[in-house]
Enquirer: 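First the structure, which I've put down as structure tokens, then a few questions once you've had a look.
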Amino acid sequence: MADGESSSAKSQTGEQWDPDDSPLRFVGAAQVRMPPMQEQVPTDRGLLEWVDPRDPARAAHRTVRDSWRVLRIQSEFVAGFDAMEDVAEAVTVFGSARVKPGTPRYSQAVELGRLLGEAGFAVITGGGPGAMEATNRGAFEAGAESIGLNIELPFEQHQNPWLTLSMNFRYFFVRKTMFVKYAQAFVCLPGGLGTLDEFFEAVTLVQTRKVLRFPIVLVGREYWGPLLDWIRTTLVDDGMISPEDLDLITLVDSPAEAVRAVCEKAVRP
């Protein structure tokens, strides 16, 4: 943006703002620069928000809007399929975006990405900072394909610089399809709600045989052990799941153990 433009640019409140101090954010595949403190409303919210069907005007608007949205969803699937069609053997890795460089967990993720790359796997992450960045970095430095599948969020999640293939999605369910469709295993590093979401979804897909021979590896006995203990003493003991469902999960302590488990259990030529 030219200097003259930046001096006259204003936020929605009418206050001047400097684009140089404003983050670039993804809106679908496009990048836009937004004024500071302006909330980015993710496309998913528009799709999932409740609209009162008793309000004829709003209900009619929703019907038209959602019908056209199907084409946008279709285009995201097509773009993802086209971009990922040459990905052969890959492992999807999840972990917290809040992991800081220079910490043991960041170093652990770098090592995991490096070992997966050296074992011949491409690495797929959410493409953001923290453990995702570290894993992509390890794969990139190992000369492996390093893939990041980012997502529109109301707060900033930048793409990390260690990617050989990068995409940005509007819809979580399209992005999740890419995570599973092009991977032969999931590895979960310590993470928060997003990591838990992906972990339980992966276990459900394997348990219901939507995906076959898909190893799910958790790294960190101290971190994940209490969760598995709860699953064992509550879900299994109360008959909510079968004892053999726990066999779908492999718990390890180190990146080397995780890669060994993936190599032993993933389907490879």
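None of these values were measured; they are calculated from a predicted model.
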Enquirer: Can you tell me how far CZ of Arg175 sits from CZ of Phe77, rounded to the nearest 0.5 angstrom?
Expert: 13.5 Å
Enquirer: Looking at Gly220 and Leu251, what are the two nearest heavy atoms and their distance?
Expert: O-CD1, 3.9 Å
Enquirer: Compare all side-chain heavy atoms of Val99 with those of Thr103 and state whether any distance is below 4.5 angstrom.
Expert: yes
Enquirer: Which atoms form the tightest heavy-atom contact between Ser146 and Trp162, and what is the distance?
Expert: OG-O, 2.7 Å
Enquirer: Do you know the tightest heavy-atom contact between Met84 and Met178?
Expert: CE-O, 4.5 Å
Enquirer: Taking Val87 as the starting point, is it possible to reach Leu149 by hopping between hydrophobic residues whose side chains are less than 4.5 Å apart?
Expert: yes
Enquirer: For Glu257, check salt bridge (charged side-chain N to carboxylate O under 4.0 Å, His left out) against everything at least two apart and list the hits.
Expert: none
Enquirer: What residues, two or more places apart in sequence or in another chain, satisfy salt bridge (charged side-chain N to carboxylate O under 4.0 Å, His left out) together with Arg260?
Expert: none
Enquirer: Just wondering, do Ile73 and Val174 contact through their side chains at under 4.5 Å, heavy atoms?
Expert: yes
Enquirer: Taking side-chain contact (heavy atoms from CB on, under 4.5 Å) as the test, write out the residues that go with Glu198, two or more places apart.
Expert: Phe94, Lys176, Phe179, Glu201
Enquirer: I need the full list of salt bridge (charged side-chain N to carboxylate O under 4.0 Å, His left out) pairs touching residues 98-123, with sequence neighbours left out, sorted by first then second residue.
Expert: Arg114-Glu118
Enquirer: Quick one: sort the Trp224 and Phe199 rings into parallel, tilted or perpendicular, breaks at 30° and 60°.
Expert: tilted
Enquirer: Any salt bridge between Glu76 and Arg72, counting N to O under 4.0 Å?
Expert: no
Enquirer: Which heavy atom of Ile124 sits nearest a heavy atom of Ala90, and at what distance?
Expert: CD1-CB, 3.8 Å
Enquirer: Consider only side-chain heavy atoms of I, L, V, M, F, W and Y, link residues closer than 4.5 Å, and tell whether Phe172 and Phe186 are in one cluster.
Expert: yes
Enquirer: Determine whether Glu133 and Tyr106 satisfy the following criterion, side-chain hydrogen bond (donor to acceptor under 3.5 Å, both in side chains), listing intermediate values before the conclusion.
Expert: CA-CA 9 Å; Glu133 172 188 307; Tyr106 189 95; 2.6 Å; yes
Enquirer: For Gln184 and Ala88, which heavy atoms make the closest approach, and how far apart are they?
Expert: OE1-O, 4.0 Å
Enquirer: So, Gln159 versus Ser166: side-chain donor-acceptor pair below 3.5 Å or not?
Expert: yes
Enquirer: Are side-chain heavy atoms of Asn136 and Val93 found at a separation under 4.5 Å?
Expert: no
Enquirer: Are Phe121 and Leu112 co-members of a hydrophobic cluster defined by side-chain heavy atoms under 4.5 Å apart?
Expert: yes
Enquirer: Hydrophobic cluster membership, with links at side-chain heavy-atom distances under 4.5 Å among I/L/V/M/F/W/Y: are Leu116 and Val219 in one?
Expert: yes
Enquirer: So, Tyr171 versus Phe169, ring centres under 6.0 angstrom or not?
Expert: no
Enquirer: Got Leu189 and Gln108 here, is their nearest side-chain heavy-atom distance under 4.5 Å?
Expert: yes
Enquirer: Between Ile147 and Phe214, is there a shared hydrophobic cluster once you connect ILVMFWY residues whose side-chain heavy atoms come closer than 4.5 Å?
Expert: yes
Enquirer: May I ask you to test the Leu205-Val180 pair for a side-chain heavy-atom distance under 4.5 Å?
Expert: yes
Enquirer: Pair Thr234, Asp229 - check side-chain contact (heavy atoms from CB on, under 4.5 Å), show working.
Expert: CA-CA 8 Å; Thr234 302; Asp229 288 341; over 6 Å; no
Enquirer: Check whether more than 12 heavy atoms from other residues, nucleotides or ligands sit under 6.0 Å from atom CG of Leu71, and answer yes or no.
Expert: yes
Enquirer: Over all heavy atoms of both residues, which pair between Cys188 and Thr195 is shortest? Give the atoms and the distance, please.
Expert: CB-CG2, 4.1 Å
Enquirer: Among residues at least two apart in sequence or on other chains, which ones pass side-chain contact (heavy atoms from CB on, under 4.5 Å) with Ala256?
Expert: Leu115, Ser254
Enquirer: In residues 235-250, what donor-acceptor pairs under 3.5 Å come from side-chain atoms, sequence neighbours left out?
Expert:
{"from": "Asp245", "atom 1": "OD2", "to": "Ser242", "atom 2": "N", "distance (Å)": "3.0"}
{"from": "Thr250", "atom 1": "OG1", "to": "Lys265", "atom 2": "NZ", "distance (Å)": "2.7"}

Enquirer: Are the side chains of Val206 and Arg209 in touch, meaning some heavy atoms are under 4.5 Å apart?
Expert: no
